[in-house]
Amino acid sequence: MKIEHIAMYVQDLEKTRDFFVKYFAAKSNAMYHNPNTDFKSYFLSFDDGARLEIMQKPGVEAQTENQMRTGFIHVAISVGSKEQVDKLTETLKQDGYMVTSGPRTTGDGYYESCVVAVEGNLIEITV
């Protein structure tokens, strides 16, 4: 078995899509739109076959600002090397995204950083 895709609701569909395309080389399909419910979504595909569905629908509430909560808490994306972790983390920092940790080697051996990305979602950048 494998996880087929992960999905998340967002307030700004285009900004979220642009973030993953710009920083993580995601490839986007054409927008799906159901005019009856005004549901809209994109599937973002990554080089290794992983997919992220970003969705928007009227009436969906924004997430809490508290990052210490139950449920899915971050998406980890491997960029292939320590140098790429460092480079991308610095680029995101210069572009105004808050780096909450790293780059560093964690106690369990991961080399990573963590960035507060679009709409407060945490992205872990790892080797």
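What you are looking at is a predicted structure, and each value in this text was computed from that prediction instead of being measured.
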Short question: side chain of Glu119, backbone of Gln11 - any donor-acceptor pair under 3.5 Å?
yes
Minimum heavy-atom distance between Ala26 and Val21, given as atom pair plus value
O-CG2, 3.4 Å
Is there a path from Met55 to Phe19 through hydrophobic residues (I, L, V, M, F, W, Y) whose side chains come within less than 4.5 Å of each other?
no
State which residues pass side chain to side chain donor-acceptor pair (under 3.5 Å) with Asp86; sequence neighbours excluded, sorted by chain then number.
Tyr111
Are Tyr9 and Val75 grouped together when hydrophobic residues (ILVMFWY) are joined by side-chain heavy atoms under 4.5 angstrom apart?
no
If I take atom OG from residue Ser45 and atom CG from residue Asn29, how far apart are they, to the nearest 0.5 angstrom?
7.0 Å
Evaluate the side-chain proximity of Tyr97 to Ile123: yes if any heavy-atom separation is below 4.5 Å, no if none is.
no
Identify, with sequence neighbours excluded, every residue that meets side chain to side chain donor-acceptor pair (under 3.5 Å) alongside Asp38.
His33
State the OG-CG distance between Ser101 and Leu122, to the nearest 0.5 angstrom.
9.0 Å
Measuring from atom OH of Tyr23 to atom CG of Leu88, what distance do you get when rounded to the nearest 0.5 angstrom?
8.5 Å
If you take all heavy atoms of Ser113 and Gly102, which pair is closest and at what distance?
CB-C, 4.1 Å
Determine whether Leu92 and Val99 make a side-chain contact, defined as any pair of heavy atoms from C-beta on separated by less than 4.5 Å.
no
Side-chain contact, heavy-atom cut-off 4.5 Å: Thr16 with Asn121?
no
Of the non-hydrogen atoms in Tyr110 and Thr126, which two are nearest, and what is the gap between them?
CD2-OG1, 3.7 Å
At what distance, to the nearest 0.5 angstrom, does OG1 of Thr91 lie from NZ of Lys93?
12.0 Å
Mark yes or no for whether Glu53, through its side chain, and Phe43, through its backbone, hold a donor-acceptor pair below 3.5 Å.
no
How far apart are the C-alpha atoms of Met31 and Leu13, what are their side-chain angles, what is the distance that settles it, and do they pass the side chain to side chain contact (heavy atoms under 4.5 Å, CB included) test?
CA-CA 10 Å; Met31 178 195 293; Leu13 200 56; 4.1 Å; yes
Heavy-atom check, side chain of Lys40 versus side chain of Lys57, under 4.5 Å
no
So salt bridge (Lys or Arg N to Asp or Glu O under 4.0 Å) across residues 14-36, not counting sequence neighbours, yields Glu14-Arg17, Lys22-Asp95, Lys27-Asp47
Atom pair SG/CE of Cys114 and Met98 - distance to nearest 0.5 Å
9.0 Å
Non-hydrogen side-chain atoms of Val118 and Asp12 separated by less than 4.5 Å
no
Under the side chain to side chain contact (heavy atoms under 4.5 Å, CB included) criterion, do Leu44 and Phe24 qualify, and how do the steps go?
CA-CA 10 Å; Leu44 305 177; Phe24 296 98; over 6 Å; no
Common cluster, Phe39/Ile6, ILVMFWY with side-chain heavy-atom separation under 4.5 Å:
no
